[in-house]
Amino acid sequence: MVDLKGRDFLKLLDFTPEEITYLVDLAAELKDKKKKGIPVDTLRGKNVALIFEKTSTRTRCAFEVAAHDLGMGCTYLDPTVSQIGKKESIADTARVLAGMYEGIEYRGYGQEIVEELAKYSKVPVWNGLTNEFHPTQMIADLLTIKEHFGHVDGIRLTYMGDARYNMANSLMVTCAKMGMHFTACTTPKYFPNPELVEQCKAIAATTGGSITLTDDVEAGTKNVDVVYTDVWVSMGEPDEIWEERIHDLSPYQVNKKVMENAGEKAVFLHCLPAFHDLKTKIGAQMAERFGITEMEVTDEVFESAQSLVFEEAENRMHSIKAVMAATL
Ligand code: CP
Ligand code: NVA
């Protein structure tokens, strides 16, 4: 029997495959109820605090809607309106908020910050993205994969782009835990942290999963089930780095050739936001500076029938609801 009451949700390394499966299945159940108009407001009277030190569309909205659906109140705190870090330490903030709220979400920089918050908070803390991990995104991605393929075990997932950051780290851990086959397909400079790779290989050895690192696009994407990418420059990284990233990662763009090599049954996932056209400020700037119209994914792939990115984005809400419902 899985019981996650009172648990923090900081990274999937802290959870067993059974616990992760429980969260994915709970998300599916809550999604089904929402679609049928069956209310699940079992957490009436509780309140949650949402701390965002970086910007967000999906994660913030998912937490707010999920909290409301569950009957809870919520307070959104951004760095410009709170004392966090400037006038008040994380440890003190944790103890103050835990006295008023039943749960705390944190999005920000180092993983050690959310771990510290959890250490000092007597109520559950949920990681809404750090530089190292994005665990709520993983439950949504597993739900999306399960809805499409009917299962997650044995699925071959290839990540292209900067594999040293939150998304690739989290996907590698998730695949290892769930018996999936993870490939980081990028130039070796962007391969994930060797220690985390070793840790994931050891986990994968117990679940039937595998971890592969390659710089060969054709081999790395041949007949895979899921092609995944993320922005080439993440939140908090300096603007000066764009030129280098565009140079280094352009060969690892997800385009029609990649999807054809993966095969027609393959799907495309992206945590979003994505640079697939010129309809964003940064996209337009990059077009002006480097003459490119698309970055990590072409508009053709993004808009294709193989792309499940908007189903994936919706699943953020159902899965975040599951994480809160399970831990509160
Ligand atoms: N995927 C994701 O976390 O999106 P936001 O940055 O909009 O929350
Ligand atoms: N790697 C991206 C993920 C956004 C959801 C970032 O950290 O900005």
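Order of listing sets the numbers, starting from 1, for every ligand and every atom in it. Just so it is clear, the model here is predicted, and its values are computed rather than measured.
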Would you check the N or O atoms of [X], main chain and side chain alike, for any that come under 3.5 Å of an N or O of ligand 2?
X	result
Met235	yes
Tyr165	no
His134	no

Step through it carefully: locate the ring centre of Trp232, locate the ring centre of Tyr190, and say whether they are under 6.0 Å apart.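 No.
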
Nearest non-hydrogen protein atom, [atom]:
atom	answer
atom 7 (O) of ligand 2	Asn166 ND2, 2.9 Å
atom 7 (O) of ligand 1	Thr57 N, 2.7 Å
atom 4 (O) of ligand 1	Arg58 NE, 2.8 Å
atom 2 (C) of ligand 1	Arg316 NH1, 3.2 Å
atom 6 (O) of ligand 1	Arg107 NH1, 2.9 Å

Tell me, yes or no, whether the heavy-atom count around [X] atom [atom1], taken from other residues, nucleotides or ligands under 6.0 Å, exceeds 12.
X	atom1	answer
Glu88	CD	yes
Lys222	NZ	yes
Lys86	NZ	yes

*Are any of the N/O atoms in Leu272 less than 3.5 Å from those in ligand 1?*
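N/O-N/O distance under 3.5 Å: yes.
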
### Message
Using a plain distance cutoff, I'd like to know if Met235 has any nitrogen or oxygen under 3.5 Å from a nitrogen or oxygen of ligand 1.
### Response
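There is no such contact.
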
Does Lys177 qualify as a cation-pi partner of Phe15, given the criterion of NZ or CZ under 6.0 Å from the six-membered ring centre and within 45 degrees of its axis?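 No, Lys177 and Phe15 do not form such a contact.
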
Verify the distance criterion only: is there a donor paired with an acceptor across the side chains of [X] and [Y] at less than 3.5 Å?
X	Y	answer
Glu296	His270	yes
Tyr165	Asn131	yes
His318	Glu314	yes

- Query: Out of Thr130, Leu129, Val231, Asn131, whose heavy atom is nearest to atom 4 (C) of ligand 2?
  - Reply: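 Shortest heavy-atom distance from atom 4 (C) of ligand 2: Leu129.
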
Quick one: which of Val233, Asn169, Asp230 has a heavy atom closest to atom 1 (N) of ligand 2?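 The residue whose heavy atom sits nearest atom 1 (N) of ligand 2 is Asp230.
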
Query - Per-atom contacts, ligand 1 versus Cys271 - under 4.0 Å to a heavy atom - result: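 This gives 1 (N) as the contact atoms.
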
* **Leu272 to ligand 2, any heavy atom closer than 4.0 Å** =>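 Leu272: in contact with ligand 2 (<4.0 Å).
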
Self-check item: The single option from Glu115, Gln111, Glu132 passing side-chain hydrogen bond (donor to acceptor under 3.5 Å, both in side chains) against Lys11
Solution: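 Of Glu115, Gln111, Glu132, side-chain hydrogen bond (donor to acceptor under 3.5 Å, both in side chains) with Lys11 is met by Glu115 alone.
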
Checking the side chain of Gln306 only, and the main-chain atoms of Ala266 only, is there a donor and an acceptor separated by less than 3.5 Å?
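The answer is yes, because a donor-acceptor pair under 3.5 Å joins these two groups.
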
Check: Can you find a non-hydrogen atom of Lys54 under 4.0 Å from ligand 1?
Finding: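 For ligand 1, residue contact (heavy atoms, under 4.0 Å) with Lys54 is absent.
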
